[in-house]
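Structure first, then comments.
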Amino acid sequence: MKTISHWLASPWRRSAAAAAAGALPVLAYPEPSLWWFAYVALVPWIALLRSAPTGKRALYDGWWGGFGFMLAMHHWLLPNLHVFTFVLAALLGALWAPWGWLVRRFLAARPSPGRVAAALAVLPSGWLLIELVRSWQGLGGPWGVLGSSQWQVEPALRLASVGGVWLISWLVVAVNVAVAVLVAVRRCRVPAVAGLLATAVATSAVWVWSPRPDVDDRVRIAVVQPGVIQGVRGPDRRFDREEQLTRELAGQDVDLVVWGESSVGYDLGDRPDFARRLAALSRETGANILVNVDARRSDKPGIYKSSILVGPDGPTGARYDKMRLVPFGEYIPLRSMLGWATSVGEAAAEDRRRGTEQVVMDAGHGLRIGPMVCFESAFADMSRNLADNGAQVLIAQSATSTFQQSWAPEQHASLAALRAAETGRPMVHATLTGVSAVYGPSGQRLGSWLGTDASTSAVYEVPLADGVTPYVRFGDWPVQAALLIVALWGASEGIRTLRLRFRRPAPEPRVQPARTAHGSPARPGR
């Protein structure tokens with residue numbers, strides 16, 4: 001231990017260790033998918049933070065750990081944003097600086113059992129508030145929320161139906177704190193073990209008592225994934241391939257056909273020939289087709305990404321314009337200040353325009369769908385709103401062709417499992433180039449993924465469910481609870497500080513004059 005402490009005495013070595021420790025949780029996400037590792041991945045970082053010699057150093061260790069986490073989570077952006085990826089990671093990593101200070105405040109030196117018990121509530125709550133802040137679309141959105149690493153764990157998905165991905169994140173951090181205490185603070189094992197037992201009991205209770213979706217019907221939904229198509233006339237060649245794959249669905253009794261994001265590169269108002277070809281496909285397959293148009297609008301200024309439903313007679317009029325855009329990918333925040341990003345990477349040369357409201361579409365055959373576009377599937381509130389407004393199936397149209405050789409396609413596809421479990425509604429994740437996937441109303445995977453090497457179509461039997469999950473009904477209550485816990489702790493700390501500041505010193509005890517052998521206190525010497 002002395003050797004490690006001596007090595008960490010260097011600020012630069014300590015910062016490097018914090019960044020490496022902060023990056024460890026990324027191994028729990030796809031593609032590695034070591035989901036179990038999430039429950040111990042924060043332990044090295046917590047151990048480093050509690051050993052910080054000062055509160056200021058703990059702030060730095062929190063910042064560097066957050067930088068490592070954000071850089072590792074978004075490493076696939078490096079070929080596109082280059083050096084700006086490091087800038088973004090540093091800015092977002094700063095959100096963990098206060099959490100680093102909190103860890104040291106609760107667990108440094110020899111904490112009492114009471115401090116450890118408080119840490120098991122406050123530290124996960126502090127982490128959750130960080131995830132809430134960075135989930136703001138202007139800061140990049142909730143990509144890589146810790147709870148989303150548990151997308152394939154059935155008990156965790158059941159937790160999501162009660163408290164969303166937020167509840168999973170809170171419990172994962174609580175387990176990490178308890179394990180860190182067991183490893184590093186042996187005299188406080190009792191509250192740590194109690195915390196682990198409480199987590200196990202809560203998870204078991206949710207497993208037993210949380211409502212299950214009641215499946216009452218099934219629909220057949222086809223996903224069309226054309227694969228990577230580049231070069232001259234790319235949009236036209238992509239449309240030709242999508243048309244070919246869709247025509248092969250004729251006679252398969254499908255209820256809906258879904259194409260990926262940017263599957264149509266022209267506004268259908270400007271290109272009636274494309275609209276006629278889509279209408280003909282709808283007649284051949286006997287199903288409406290949900291396409292996604294990425295083009296300059298003919299009826300209003302600007303470029304939009306729009307989900308458009310096309311039927312046998314052409315566009316039905318149902319349209320959803322993407323509301324939450326990808327920073328730097330689809331628009332540049334504060335372009336007047338950060339426009340230089342276009343010179344160092346593939347940032348958006350022209351900002352896309354935003355839609356104003358979510359839309360639930362009547363897709364025919366009595367089916368109501370709620371479309372989202374690209375990384376909008378990362379936002380739990382969007383899918384919750386669609387389910388609350390009557391959507392029977394959630395649909396995300398995406399394109400990850402830029403990041404084919406990275407972990408991004410698998411990470412993106414996994415998010416749909418959480419959205420399905422949270423809402424009790426099946427979700428279809430349809431992409432241009434993979435990974436495409438479909439999940440049932442409990443978050444379970446239906447069929448097989450369409451990988452990044454596939455150019456094909458697939459039909460899925462999708463179960464429809466009734467009922468409302470606790471998460472849809474009560475919303476983000478874990479975040480509200482976390483805010484309350486942190487506020488109560490902050491208030492108690494403030495009251496304690498005031499008491500120490502204004503406490504009057506106790507009066508000094510009166511000292512009786514000493515008696516001597518030859519006198520009295522009043523008249524010494526006599």
Side-chain angles (χ1 to χ4, degrees), residues 30-31 33 35 148 150-161 165 210-225 245-246 248-249 252-261 285 287-290 363-372 377-378 380 383 386-387 391-398 400 409-467 469 471-472:
E31 183 172 339
S33 287
W35 62 265
S148 63
Q150 306 302 295
W151 65 277
Q152 57 185 328
V153 182
E154 192 172 352
L157 292 173
R158 192 68 59 79
L159 287 173
S161 72
V165 70
S210 63
R212 273 89 164 163
D214 294 325
V215 175
D216 59 358
D217 199 2
R218 293 179 181 272
V219 293
R220 290 172 59 81
I221 297 179
V223 172
V224 173
Q225 179 178 299
L245 292 171
T246 303
E248 294 172 358
L249 297 170
Q252 297 193 39
D253 193 28
V254 296
D255 297 292
L256 178 69
V257 179
V258 183
W259 290 12
E261 179 189 12
T285 58
N288 288 344
I289 304 172
L290 185 69
H365 304 282
L367 179 64
R368 293 173 61 80
I369 61 173
M372 292 171 282
S377 65
S383 54
L386 289 169
Q392 297 170 288
V393 177
L394 305 174
I395 296 177
Q397 296 172 292
S398 178
T400 52
E410 285 78 9
Q411 284 186 25
H412 199 179
S414 70
L415 296 175
L418 291 155
R419 304 293 86 85
E422 289 168 341
T423 59
R425 298 292 182 265
M427 184 158 183
V428 176
H429 180 80
T431 72
L432 289 182
T433 58
V435 171
S436 297
V438 180
Y439 301 91
S442 295
Q444 76 278 18
R445 190 169 72 183
L446 303 177
S448 58
W449 279 4
L450 301 182
T452 54
D453 59 345
S455 174
T456 186
S457 62
V459 180
Y460 296 86
E461 290 277 351
V462 180
L464 302 181
D466 280 335
T469 64
Y471 178 66
V472 171

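Computation of the quantities below employed the complete heavy-atom set of this structure, encompassing side-chain atoms and omitting hydrogens, waters and symmetry-equivalent molecules.
- The OG1 atom of Thr452 sits 8.5 Å away from the CD atom of Gln225 when rounded to the nearest 0.5 Å.
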| task | Could you walk me through whether Ile221 and Asp255 pass the side chain to side chain contact (heavy atoms under 4.5 Å, CB included) test, one step at a time? | result | CA-CA 6 Å; Ile221 297 179; Asp255 297 292; 5.5 Å; no
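- Here the closest non-hydrogen pair linking Ala287 and His365 is CA-NE2, 4.5 Å.
- Paired with Val435 under the rule side-chain contact (heavy atoms from CB on, under 4.5 Å), one option of Ser414, Pro30, Pro409 passes, and it is Pro409.
- For the pair Thr431 (side chain) and Ser398 (backbone), a donor-acceptor distance under 3.5 Å is absent.
- Scanning for side-chain contact (heavy atoms from CB on, under 4.5 Å) contacts around Leu157 gives Leu418, Ala421, with sequence neighbours left out.
- Side-chain atoms of Gln444 and Glu154, non-hydrogen and from C-beta on, never get closer than 4.5 Å to each other.
- Note that CD of Gln392 and CG of Asp466 are 8.0 Å apart. Values are rounded to the nearest 0.5 Å.
- Remark: Arg419 CZ to Ser377 OG distance equals 7.0 Å, nearest 0.5 Å.
- Contact between Gln150 and Ala156 at its shortest, heavy atoms only, is CB-CB, 3.6 Å.
- Residue pairs satisfying the ring pair (Phe, Tyr, Trp, His ring centres under 6.0 Å) criterion with at least one member in residues 439-464, sequence neighbours excluded, are listed as follows: Trp151-Trp449.
- Annotation: salt bridge (Lys or Arg N to Asp or Glu O under 4.0 Å) contacts involving residues 443-464, sequence neighbours excluded, comprise Arg220-Glu461.
- Formation of a donor-acceptor pair under 3.5 Å by the Asn288 side chain with backbone atoms of Ala363 is found in this model.
- Taking both residues in full, the closest heavy atoms of Ala378 and Leu415 are given as CB-CD1, 3.8 Å, listed atom of the first, atom of the second, then distance.
- Of the possible polar contacts, one joining the Gln397 side chain to the Leu290 backbone as a donor-acceptor pair under 3.5 Å is found.
- One finds the CG atom of Leu394 at 4.5 Å from the OG1 atom of Thr423 (value rounded to the nearest 0.5 Å).
- In terms of modelled atom types and a separation under 3.5 Å, the side chain of Glu422 and the main chain of Ala160 share no donor-acceptor contact.
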| task | Go through the steps to decide whether Leu256 and Val219 satisfy the test side chain to side chain contact (heavy atoms under 4.5 Å, CB included), and finish with yes or no. | result | CA-CA 8 Å; Leu256 178 69; Val219 293; over 6 Å; no
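- To the nearest 0.5 Å, the span separating CG on Leu159 from OG on Ser210 amounts to 8.0 Å.
- Between the CD atom of Glu261 and the CG atom of Leu432 there is a distance of 7.0 Å, given to the nearest 0.5 Å.
- Side chains of Leu446 and Pro463 form a contact here, defined as non-hydrogen atoms less than 4.5 Å apart.
- For the residue pair Ala465 and Asp216, the shortest heavy atom distance occurs at N-OD1, 4.2 Å.
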| request: For side chain to side chain contact (heavy atoms under 4.5 Å, CB included), just list the numbers for Val462 and Val438, CA-CA rounded to whole Å, side-chain angles, deciding distance to a tenth of an Å, and then say yes or no. | output: CA-CA 8 Å; Val462 180; Val438 180; 4.0 Å; yes
| request: Please lay out, stage by stage, how Gln152 and Ser33 fare under the test side chain to side chain contact (heavy atoms under 4.5 Å, CB included). | output: CA-CA 9 Å; Gln152 57 185 328; Ser33 287; 3.7 Å; yes
